[in-house]
Amino acid sequence: MALITNSRGDKVDARDLLSVQELQASEMLRNSAQQQYGYDIDVTTLTAVLKTVAEQKFYTIPFAEYVPVRVGEGTAWASNITAFRSFVEGGAFEKGYINQGNGTRLSTTDAAVDALTIPVKTWAKELSWSLPEVAEASRTGVWDIVTAKEKSRRTNWDLGIQKVVFLGSSDGMLDGALTLPEVTVNSGTLIPADLSAMTTAQLNTFAARVLDAYQANNNYTAYPDFLWVPQSDYNGLATFTGDFPLLSRKEILEKAFRETTGNENFKILPLAYSQATMSGGKLTKNRYVLGRYDEDSIRFEIPVDYTVTVANSIEGFTFRNVGYGQHSGILSLRPQEMFYMDVA
């Protein structure tokens, strides 16, 4: 039997602390565990079995609050998704001026359209379990192997979709919201240091310049309504500057952006994938992103949401089912309304 520490700090045999009846009960429990589970465990009346199982934790975010997500929408089982964009073609406004009575040919306006096509990936993974596995797991009284396997597969889907939304697929076939090749990247001139480490002067300069840089990128047709900040930097935005002790850095920036854009819903959002160390090699520097939460700007398509088939067995001993779904990468319809800023 295992040694335990008494009140004086001495190591003593647990048997010395137990009565004859407790020793008999302990031996019965040890023999029961060995027979039922194949385990040789020292069990004393001081041993307790917890009724919960500690589960692994992962970085998760509600990505539908960062990027518009469309589920279904009649695109199920398509190999590609095509979206159309229209353009105005009319030449200079002054070409519409006419002189009375000269019989000149009138200028015309027109419209053009193009198509943007992105691939769709089909995903499927199988689960299997046997009757002995279920019976052995059920003897613990705290662990359901079928539920645990299903949670594992669903977590695999959820985390995979979340990563693709921001970083794209590892094979490079799908683009993520942080890796769109057609989006302009400002390298260091707008963000010379992390926002949480900027001086008051640097913070003011950033607030004064960044929205104009964004608007110049889209020909002054739109304001942004979100700023994604690397989570390591966002965690420090609750600090104060010496000149504005009553407002945090986050409150100062959000107040400035909301007043300029006229949008009270402008948000500064944390994003761990924006950190180079969390990007799986997709980014070489921490990246800040200005953009619009608008389906006509960017969106993510899930033609078939996560679905599970009914479990079946051929011989009645091993059971199997399949979880499957479909998803695209980020569809960027107005790339000028996204703006990347890498920290110097």
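Heavy atoms only: backbone and side chains are in, while hydrogens, waters and symmetry mates are out.
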Donor-acceptor list for residues 269-277 side chains, cut-off 3.5 Å, not counting sequence neighbours:
residue: Tyr273; atom: OH; partner: Gln162; partner atom: NE2; Å: 2.8
residue: Ser274; atom: OG; partner: Arg287; partner atom: O; Å: 3.3
residue: Gln275; atom: OE1; partner: Gln231; partner atom: N; Å: 3.3
residue: Gln275; atom: OE1; partner: Ser232; partner atom: N; Å: 2.8

message: Is any side-chain heavy atom of Asp171 closer than 4.5 Å to one of Lys121?
response: yes
Ring pair (Phe, Tyr, Trp, His ring centres under 6.0 Å) pairs touching residues 188-213, sequence neighbours excluded, are none
Q) Sub-3.5 Å donor-acceptor pair from the side chain of Asp233 to the main-chain atoms of Ser196, do we have one? A) yes
Worksheet item: Counting only heavy atoms not in Lys267, do more than 12 fall under 6.0 Å of its NZ?
Response: no
Nearest heavy-atom contact between Ala193 and Val343 is C-CG2, 3.8 Å
What class does the angle between the rings of Phe166 and Trp228 fall in, given that below 30° is parallel, 30 to 60° is tilted and above 60° is perpendicular? perpendicular
Connected to Met278, directly or through other members, by ILVMFWY side-chain contacts below 4.5 Å are none
Rounded to the nearest 0.5 angstrom, the CZ-OG1 distance for Arg258 and Thr260 is 12.5 Å
With sequence neighbours left out, the residues meeting ring-ring contact (aromatic ring centres under 6.0 Å, His included) with Tyr223 are none
By ring-ring contact (aromatic ring centres under 6.0 Å, His included), Phe257 pairs with (sequence neighbours left out) Phe266
Between Gln326 and Pro303 the two heavy atoms that sit nearest each other are O-CD, 3.4 Å
In a table with atom names and distances, give each donor-acceptor pair under 3.5 Å that connects a side chain of residues 176-186 to protein atoms at least two apart or in another chain.
residue: Thr179; atom: OG1; partner: Gly176; partner atom: N; Å: 3.0
residue: Thr179; atom: OG1; partner: Gly176; partner atom: O; Å: 3.4
residue: Thr184; atom: OG1; partner: Asn217; partner atom: OD1; Å: 2.8
residue: Asn186; atom: OD1; partner: Thr189; partner atom: N; Å: 3.4
residue: Asn186; atom: OD1; partner: Thr189; partner atom: OG1; Å: 3.0
residue: Asn186; atom: OD1; partner: Leu190; partner atom: N; Å: 3.1
residue: Asn186; atom: ND2; partner: Thr189; partner atom: OG1; Å: 2.7

